[in-house]
Amino acid sequence: MKIVSWNCNGAFRKKYSILFEKIPADIYVIQECENPEKISNNKDKEFLTSFNYRWIGENKNKGLAVFSKISIDFEEQNSYYLRYFIPFKVNTKRYYAIWAMNPYIEEMVVYFSIYKHLLNEKSIIIGDFNSNVIWDTKHNIRNHTTFNTMLKKVNLESAFHVLNKIAYGKENTPTLYMYRNLEKGYYIDYAYSSPKYMKTFIIGSPDEWLTYSDHMPILFETISR
């Protein structure tokens, strides 16, 4: 299974063909994506709505979407006014697509505290977390270290950190270049899974993607579970 997550920085209708061609995958999690139902160009709308998809958001121009050509079942879960989470299943395995909004990791700690009974080592959590342990002190107890501790209890860890043997907060490959400035790189996009199901984790190169977004796409490939 190959899953891509990308904060496209808006106007996904102008970028989807590039992403789908360059990074073939089974599932795409797209942040800052416009609502496909609001796209006026018939060609773009027809293509995007040909996918099995779900979109959520408060602004029709920037929300969270999941697109897939394979069979996935979107779940109806109460978000308790936390933003933005799209839960879905592939067969019996549960996935969570994420675009964390202010106060970012704090909302994720609350959300997964509510739904921790649904998490297990076959779960996958992927998306733009807008977070890193380097900012723990800004979030009191609801911080990224707390989040990591919660997930470690069900054997879920960050694929980038496990596969590259890198400690949280010591990342050497950014997923975000603030203001598209190569000197202002941060690691804030993640895929969490059980280590025994991790196969590969790839971060897009700024040479290839910075033209389109300040975020680099991440590609997470899992071993069959």
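Here the structure is a predicted model, which is why all the values come from computation and not from measurement. Starting from 1, each residue takes its place in the sequence as its number.
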Engineer: How long is the gap from CZ on Phe74 to OH on Tyr53, to the nearest 0.5 Å?
Structural biologist: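 Here the interatomic distance stands at 9.5 Å.
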
Engineer: If we ignore angles and hydrogens, is there a donor and acceptor under 3.5 Å between the side chains of Ser5 and Gln31?
Structural biologist: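 Their side chains do contain a donor-acceptor pair, which is all the 3.5 Å distance test asks for.
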
Engineer: Quick check: Tyr96 with Tyr192 (ring centres under 6.0 Å apart)?
Structural biologist: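 No.
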
Engineer: Would you find a donor on one side and an acceptor on the other, under 3.5 Å apart, between the side chain of Tyr104 and the backbone of Asn143?
Structural biologist: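 Checking the backbone N and O of Asn143 against the side chain of Tyr104, no donor-acceptor pair under 3.5 Å is found.
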
Engineer: CD/Glu58 to CD1/Ile56 distance, rounded to the nearest 0.5 angstrom?
Structural biologist: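 The CD1 atom of Ile56 is 9.5 Å from CD of Glu58, to the nearest 0.5 Å.
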
Engineer: Report the C-alpha separation of Phe160 and Tyr190 in whole Å, then their side-chain angles, then the decisive distance to 0.1 Å, and conclude whether the ring pair (Phe, Tyr, Trp, His ring centres under 6.0 Å) test is met.
Structural biologist: CA-CA 7 Å; Phe160 172 81; Tyr190 300 79; 8.6 Å; no

Engineer: May I have the step-by-step check of side chain to side chain contact (heavy atoms under 4.5 Å, CB included) for Asn148 and Glu157, ending in yes or no?
Structural biologist: CA-CA 7 Å; Asn148 287 338; Glu157 298 181 66; over 6 Å; no

Engineer: When you look at CG of Asn102, are more than 12 heavy atoms from neighbouring residues, nucleotides or ligands closer to it than 6.0 Å?
Structural biologist: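 Yes, CG of Asn102 has more than 12 neighbouring heavy atoms, counting only those of other groups under 6.0 Å.
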
Engineer: Students often mix this up, so state it plainly: with edges at 30° and 60°, are the rings of Tyr168 and His144 parallel, tilted or perpendicular?
Structural biologist: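 Aromatic pair Tyr168/His144 classed tilted.
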
Engineer: Answer yes or no on whether Lys69 is positioned over the face of Phe51, meaning its NZ or CZ is under 6.0 Å from the six-membered ring centre and within 45° of the axis.
Structural biologist: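 Checked: cation-pi criterion met.
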
Engineer: When you group the ILVMFWY residues by side-chain heavy-atom contacts below 4.5 Å and let the links chain together, are Tyr95 and Ile30 in the same group?
Structural biologist: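 Cluster IDs for Ile30 and Tyr95 match.
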
Engineer: Mind checking whether His161 and Tyr187 have parallel, tilted or perpendicular rings, split at 30° and 60°?
Structural biologist: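 Answer is perpendicular, since the angle exceeds 60°.
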
Engineer: Are the side chain of Asn52 and the backbone N or O of Ile72 linked by a donor-acceptor pair below 3.5 Å?
Structural biologist: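 Yes, because the side chain of Asn52 sits within donor-acceptor range (under 3.5 Å) of the backbone of Ile72.
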
Engineer: Looking at Phe67, Trp6, Phe20, which hits ring-ring contact (aromatic ring centres under 6.0 Å, His included) with Tyr28?
Structural biologist: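 Passing option: Phe20.
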
Engineer: Using the test side chain to side chain donor-acceptor pair (under 3.5 Å), find all partners of Asp214 that sit at least two apart in sequence or belong to another chain.
Structural biologist: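 Here no residue qualifies.
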
Engineer: Whether the side chain of Arg54 engages the backbone of Phe88 through a donor-acceptor N/O pair (distance < 3.5 Å, no angle test) should be reported.
Structural biologist: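 Checked: no pair found.
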
Engineer: With rounding to the nearest 0.5 Å, note down the distance linking NZ in Lys62 to CD in Glu32.
Structural biologist: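 The distance works out to 4.0 Å.
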
Engineer: What's the separation between atom OH in Tyr84 and atom OG in Ser79, rounded to the nearest 0.5 Å?
Structural biologist: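 With rounding to 0.5 Å, OH (Tyr84) is 9.5 Å from OG (Ser79).
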
Engineer: Nearest 0.5 Å, what's the OH-OG distance between Tyr177 and Ser213?
Structural biologist: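 These two atoms lie 12.0 Å from each other.
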
Engineer: Under a 3.5 Å threshold, yes or no: a donor from one side chain and an acceptor from the other, between Asn155 and Ser194?
Structural biologist: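 Present: a donor and an acceptor within the cut-off.
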
Engineer: When Tyr111 is tested against each of Phe85, Tyr80, Phe147 for ring-ring contact (aromatic ring centres under 6.0 Å, His included), which residue passes?
Structural biologist: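 Output: one option passes, namely Phe85.
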
Engineer: Please list all pairs meeting side chain to side chain donor-acceptor pair (under 3.5 Å) that have one or both residues in residues 201-212, counting only residues at least two apart or in different chains.
Structural biologist: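 Qualifying pairs, neighbours excluded: Lys22-Glu208.
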
